Structure formats: C-alpha cells, structure tokens
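A note on names: the letters A, B, ... follow the listed sequences, proteins ahead of strands, and every chain is numbered from 1. A quick note: this is a predicted structure, and the numbers were derived from the prediction, not measured.
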2 protein chains.
Amino acid sequence: MQTKYNIVKQAIKSKILDGTFQPHQKISSESELMKQFGVSRHTVRLAVGDLVNNGWLYREQGAGTFCADRTQENNNTSVGNQKNIAIITTYISDYIFPSIIRGAETYLSQQGYHVSLFSTNNDHDNERRFLEKILTQHFDGVIIEPTKSAISNPNINYYLNLERQNIPYIMINAYYDELEPLSITLDDEKGGFLQTEHLIELGHKDILGFFKNDDSQGPKRMKGYLKAHRAHGIDINPSNIVTYKTEDKYDKPVSDLAAILDGPEGKRPTAIACYNDELTIALLDVIRERELNIPKDISIIGFDNSFLTNVSEVKLTSIKHPQSEMGEVAAQKMLSMVSNKHSNGKSNKNDLTSVVFDPELVVRSSTGLPKNK
Amino acid sequence: MQTKYNIVKQAIKSKILDGTFQPHQKISSESELMKQFGVSRHTVRLAVGDLVNNGWLYREQGAGTFCADRTQENNNTSVGNQKNIAIITTYISDYIFPSIIRGAETYLSQQGYHVSLFSTNNDHDNERRFLEKILTQHFDGVIIEPTKSAISNPNINYYLNLERQNIPYIMINAYYDELEPLSITLDDEKGGFLQTEHLIELGHKDILGFFKNDDSQGPKRMKGYLKAHRAHGIDINPSNIVTYKTEDKYDKPVSDLAAILDGPEGKRPTAIACYNDELTIALLDVIRERELNIPKDISIIGFDNSFLTNVSEVKLTSIKHPQSEMGEVAAQKMLSMVSNKHSNGKSNKNDLTSVVFDPELVVRSSTGLPKNK
DNA sequence: TCCGATTTGTTCGTATGTATG
DNA sequence: GCATACATACGAACAAATCGG
C-alpha cells in the first residue's frame, strides 16, 4: 500500500539507514519536507510522527526534528538463541539459484540457524529494501549475490552501514569491486576461456559469443573468450560478439541469432559460446526452426552445467559451476565469521579469505567438429 | 499541560483502567467522542492514535476502535515486532517449489514478516525436527507442505501440539487427512481427469499412466485417470498403470517405460500420462533413444505446467498448477489467521476456509492424434 | 533583553477513499 | 445497496519554543 505518508516515511528511514542522517543531526524541517515531497504539512507530520513513535527520530519544539541514536537500543539482540542468517539473491526460483541456496540452507539449518530468503529480481530498489530490513531487524549475517554487479551500486552506503554495525556479509557469484568483500565466486574468466578453447580445439574459427553485460560475470566470461582467441592466434570478428542485458534476455539474443542464421551462409558461424545454459536452451529453438543439426551444422556450448544441460534432445556441453557447493562454502564461512564476532577478534585466517572455484569443461553432445573439416 | 487531546486521552485511558472498557470491547466511535468532548475529529484521532501506539487500543477499519487485551503482553514489548512465519516444504530448490515459495515469501516479506524456510527432503525425521523447532522457538505460524502425505504420519502429535499452543498452520499441495487442516491445494483428481480426457478425446485408447504413490497427489491424479476412462467407456488395462516412490523417481519409471516400449509393438501404448513435468522430461529420453516421434508415434502429457514444459524440442502439453499464486494465497490466509489470534476470536469466515484451485489443460505440441487414426 | 524568523505543537474545517456489517 | 467507521489527505490558523542578531 503506497500512501503518501508512507513514501515520506520510507524516504526518511532510508536516509537514516544509509547514513545521510547521523545520530543527533537535524533532519529537514517540516516545511522543507512539504516542498520536497509535494505534500501537506499534515502528511509530513504523520510520517515523522510514526518514526518518532518507533524511535527513529525525536522532535524538539522550536528547534527541529533530529535523528535518534540507536546504537545500543539492541537490548533484544540476543533474543534467546534465535540465530538468523539472510540470503539475498537476484532470483530464488530460477535456474541454478535454487541449487546454490539449497547448499547454504541445508548447512545453516543443520547448524541451528534460521534462514531467510529474499530475491531482488535484479532491482536495486529491492536490494535496498532488504538491506534496510537487515539493518533494522536482528540478523547475524548476510549471504548476498550482488544485483547488477557490473554497474555501480547505489546502495554502497548500506553495505558500509553493515560493516559499521558489525554484521558480517559474504558475496557470492560476483562482488561489488569498491567494497572488496569476502566473496565466493567461480573463475568466470577461465570458464569463458575453457568454453572457447574447447570450440577452437575442435577446429572452429568463427565462434559467435553471447554475453550478458550487466552482471560482472558476463564481461569476465567475454574476456576469457577473447583470451582464448588470442592464445590460439585466431582473429576475432567483432560482429561475433553479442551482448545483452538481463531484461532483454528473452528477446535480444534470440532475434540477433535469428538474423545471423538467416544471413549469408558463408558468413554463418560454426559454433556458439553462450553466457549460460538458460540462454543456450532458448537459442536451441532458433536453431531447430531452421532445421540445422547440432552439432553437425553448428556447435553450441553452455555455461554452469545446470540441470538444463540434460533436459533436451541435445545434451549440452557446458562449464561446471559449483552451485550447491558454493552455497555450502558460503554458509560455512558465514558461520565462522559470526562466531569470530562473538569470540572477538583473531581466528583462523583460513576462514576469512575469499574462495574462487575452478571451472571445468563437461563435454556432451552439443559440440563437435565443424562441418567442412 | 492540559491540551484537548490529552484530556480525551486521559478520559479514555481511565475508562480502560476502571474496567468500563473490557478487552476487545468496542469503544465509542470517533464521531461520538467528538460530541462527548466537543472537539474536532482530528483531535480525537490524535488522542486515540497515541493510545493505539502505546498498546491500549487497536483500530479496525470499518468496524471500530477496540480495547486491547493487555493481560499477557509482557514479552511482547521488545520481541513483539519481530513476526516469524515458517515455511516447510519437501524441497526448496527443485522443480515448482521455488515458485510456490516465492509467492509466499514475497507477500509475507512485504507485510513485514520474517520468513524462515525449511526443507524436509521428504524425510519424516526432518519434519519432526523442524516442528520441534517451531514449537520451541517463537513462531507466529507455519505454512507446511506435508511430507509423504499418502502414508500415515508419525508426527501427528506435533501438529496437535501446534493447535494446543495456538500456532496456526496451513497445509499446501496436500494434507494429512486425519487433521482436517486449513489447506490450499490443487484439485488433483480433476487434473488427472483432464490429462487423460484430453488424450482420450484425441482418440487414444491405450494410455500408459505414471503416478507417484507416496504423496496424496499421486493417487488422486490416478483416480482422475481412472474416472476419465470410465466416463468415456474405455477399458483400462491394469498393466498400463505404473506407480513409483519418490526415492525411485530417477530409475523405476524410466526402466519400466523402456521395458514396455521394447515389448511387442502391437501392445505398445499410444499415449502416456505423467505424474508431473519432471518425470515427463525424464521419459522423453527413453522415447528419443528409440527414435519414436512425439506426438506422431506417441503422445505424452505432463502435469504442473512448469518451466520444464518449454525447455525441450517438444513443448509439453500439461496441466496448470497455480505455483506462486498458491504460495501467495497461503500467505494471505496465514496472516489473517495470525491477526485473528490477536484480536481473539471472530473474523471473516471467508479467510478460514480451504482453497482448492481448479486445474486447466494447457495444450502444446507433445500430444496429438494416434498413429493409426 | 528583546525582536523576528524559524520550527514544532495544537486545533479546527473539509473532502474523499475503503473496509465492515 | 447502504449507513457506519476508520484511513488518507489538503488547507488554514494560532500557540509555544528556539535561536541568532
């Protein structure tokens, strides 16, 4: 329910949580807020009044409204033995995310932790909402997959606030470079390299590459693609690289491939390297429609070695992603960070280093020798 | 300082303290208070709003303002704003479960609830462990998908204990018959009927049916399969029914189908009705290996209308399962049960009835006319 | 010390939206 | 469908406290 006073309320709360308003600092006056949000004084007072009631602000007649100091309000911190870990991912129900989550959930659950899941649907606003929730309510730690990790993140302040409040967080799959956080990732560049090298070694020289470019995995995989070409002394045709954003994933790559396949036959690529298996499955339909045989007419390789490699008539060659293992490792690290926090200080330095998984090539039937070889 | 709203406030508070207003009793309406004290509505709302904030009253739109029950609000003061709902399913990361969970999680999260997930992996011991946790720690409600709902449940006592402790629970997908709980399900029998009837109407008379038999959905879908045969006056070949347990789902149906397809051609069924899409995808491989064309040589129909209907070269005809909608409805009902508990008693009877979703047939390319027709 | 500008506090009026019974 | 009751929102006025000059 989006009421005006609620919008004002959330906006003020956000500014407190992201550190714009520091404790005991004066916030905007009522008349300023009226202008800012284009609402009546009544509405502003409702919003501010709510926040005062919940301990976020305090008012002083004649002086102004001030940010409250919530530093040690947490008398309820140790609500018994209720330990909470949050997992934030872009999606929870799609593709390989369920596997990653399961790996973490199983471990955390066994260790007696409560696990809360949130999915940002690749939206920074949602990410902010959840970070606010974590800062507000009591959580012992967060495992987070960054949203749109390739572009600069508007919620950096919230992460810094997590650090200030001593709430440990771990990033998986990717990380925001500015933060240099503890992270559990796959070596995406090497993965992209293995993908392309496999095709090159089969004899392909004209390899179409599809890469998502709004998370940081995409550019890294593309870098591997380029490196493999260079390492084998093969020229790269710039038009062989197609990039797309998450919101276009259902349309752009499909129509781009269709255009290429319907173009002059001589210029048709003999192989395709895909950002992931999900895209590969989508592109299969384009190839089928044109009655091209895989891998005789065209080879195609996926990424992540997900369950999707196995659902179609063509079994996909792919690159192994640790999936549930990644989740489990993240969970283990998280718990050792949580216990370190309590035992205050030094610990196994082992536990506090980032992990980079090594990708492996898994060959199935979607890749083969090029036609004219 | 005697402000008008303070006078009103004190007067109402007095009536609560001297027992004029008993817990859950409706107090005077805002317009009545306006008359009584000769003040504006705004002033009344200020006074009442303060009392609501301090837990003396609660308001219900359209109904009135009521005296709160402050009898055992002791622990509530600090922990009270942390609302916890548990979701227990057999799996969290597989198949359609992520979608169901997402539907519930999104709604509960929006309403400010804290959601904890647990997966039993179809094991009664795990189910018991989680129920113990819920009984021990503070949870406001549970959304649960029964584990092995077809066979008698060893944890019935735990459910009865939930009732005794006044912790509301809702079952989704299936329910333990003995408990007669509030449940959100799909009409599985009708789904099975639609599946089979679709094949019969296409002209199939020899229809192989695969049904899981350790959850209650399986037998119901099978019942629909049988009913459709009877409704169309078609004899049922007993050997056309294959049942399997969850732990055999990767082996038994596949080997059984292989044996049948490798048998005498005359006795080969012309169509297959599957317990769900996941099984359907697995069986596709068996059919492909024998180079049979779908749907020309054999039709196959799935169940749940999951994302798997769309990943293969053959797009699966299936039966629609509400998935995320089921989760959301369960979450809504859960919250109205939780709030009823607090306002103690009467409520919309609407909210407290079970929901049975109506399945729909979704036709794609995996079903067609039988060969000799 | 007083003034005036600013800021929050109290109070009234009015209107429309939405849930309940 | 209708009356009732609470929810949201705009406008206006005056009071009381604060703060810099």
Side-chain angles (χ1 to χ4, degrees), chain A residues 1-12 21 24-68, chain B residues 1-12 15 21 24-68 110-112 332-333 335-340 342-353:
Chain A
M1 153 186 29
Q2 275 305 48
T3 58
K4 289 193 180 182
Y5 81 81
N6 225 330
I7 293 170
V8 177
K9 196 169 128 182
Q10 296 307 327
I12 297 172
F21 295 145
H24 305 297
Q25 185 189 331
K26 184 176 174 304
I27 74 162
S28 321
S29 73
E30 290 176 355
S31 55
E32 280 170 336
L33 291 170
M34 285 167 66
K35 277 181 218 157
Q36 277 176 41
F37 294 96
V39 298
S40 70
R41 178 151 178 245
H42 184 88
T43 304
V44 170
R45 280 191 65 78
L46 247 184
V48 173
D50 257 25
L51 291 171
V52 168
N53 271 314
N54 292 311
W56 295 92
L57 302 171
Y58 60 94
R59 295 197 262 218
E60 279 179 19
Q61 188 176 166
T65 305
F66 302 84
C67 181
Chain B
M1 152 198 19
Q2 273 311 44
T3 59
K4 288 195 185 183
Y5 82 80
N6 225 334
I7 293 171
V8 177
K9 197 167 127 181
Q10 296 309 327
I12 297 173
K15 287 201 178 179
F21 294 145
H24 307 297
Q25 184 190 331
K26 185 175 174 302
I27 73 162
S28 323
S29 74
E30 290 177 353
S31 54
E32 281 169 338
L33 291 169
M34 285 166 69
K35 279 180 217 157
Q36 277 175 41
F37 294 94
V39 297
S40 74
R41 174 139 184 256
H42 191 98
T43 305
V44 170
R45 279 190 68 76
L46 250 184
V48 173
D50 259 25
L51 292 172
V52 168
N53 270 314
N54 292 313
W56 294 92
L57 301 172
Y58 61 94
R59 294 198 261 219
E60 280 180 19
Q61 187 177 167
T65 305
F66 303 84
C67 181
Q110 273 172 1
Q111 305 295 315
Q332 285 170 352
K333 298 253 170 200
L335 291 202
S336 64
M337 285 172 87
V338 169
S339 65
N340 286 341
H342 289 299
S343 63
N344 208 14
K346 74 199 169 186
S347 61
N348 314 19
K349 286 179 183 171
N350 255 354
D351 290 341
L352 297 180
T353 53

*Could you pull out the closest heavy-atom pair between A/Lys9 and A/Asp50, with the gap in Å?*
NZ-OD2, 2.9 Å

*Could you state the atom-to-atom distance from OH of B/Tyr5 to P of C/dC12 in whole Å?*
13 Å

*Can you check the B/Phe66 CZ to D/dT4 C1' distance for me, whole Å?*
12 Å

_Shortest non-hydrogen contact from B/Phe66 toward B/His24_ = CD2-O, 3.7 Å

*Sole candidate of B/Ile7, B/Ile12, B/Asn6 that passes side-chain contact (heavy atoms from CB on, under 4.5 Å) when paired with B/Gln10*: B/Asn6

_Interatomic distance where CZ belongs to B/Arg59 and P belongs to C/dT18 [whole Å]_ = 18 Å

_D/dC6 OP1/OP2 closer than 4.0 Å to side-chain N/O of B/Thr65_ = yes

*C/dT8, C/dC12, D/dT8: which one has an atom nearest the side-chain heavy atoms of A/Thr3?*
D/dT8

_A/Thr43 or A/Glu60, whichever maps to the more 5' nucleotide of DNA chain D_ = A/Thr43

_Judged by each residue's nearest nucleotide on DNA chain D, which is more toward the 5′ side, B/Ser29 or A/Lys4?_
B/Ser29

*Please report, rounded to the nearest Å, how far the C1' atom of C/dG9 is from the OH atom of A/Tyr58.*
18 Å

*asked:* How many whole angstroms separate atom CD of B/Glu32 from atom P of D/dT4?
replied: 11 Å

*For B/Leu51 and D/dC6, give me the distance from atom CG to atom C1', rounded to whole Å.*
16 Å

*What is the distance from CZ of B/Arg45 to C1' of D/dA5, rounded to the nearest Å?*
10 Å

*Take the protein atom CG of A/Leu46 and the nucleotide atom P of C/dT10, then report the distance between them rounded to whole Å.*
14 Å

*Taking the side chain of B/Glu30 as heavy atoms from C-beta outward, which of C/dT8, D/dA7, D/dC10 is closest to it?*
D/dA7

_Heavy-atom closest contact (A/Ile27 atom, A/Cys67 atom, distance)_ = CG2-N, 4.2 Å

*Could you pull out the closest heavy-atom pair between B/Val52 and B/Arg59, with the gap in Å?*
CG2-CG, 3.9 Å

Distances under 3.5 Å between nitrogen or oxygen atoms of protein and nucleotides 11-17 of chain D:
{"residue": "D/dA13", "atom": "N6", "partner": "A/Arg41", "partner atom": "NH1", "Å": "3.4"}
{"residue": "D/dA16", "atom": "N3", "partner": "A/Gln61", "partner atom": "OE1", "Å": "3.1"}

*Look at atom NZ of A/Lys26 and say whether more than 12 heavy atoms of other residues, nucleotides or ligands are closer to it than 6.0 Å.*
yes

*In terms of ring plane angle, is the pair B/His42 and A/His42 parallel, tilted or perpendicular, where the classes change at 30° and 60°?*
perpendicular

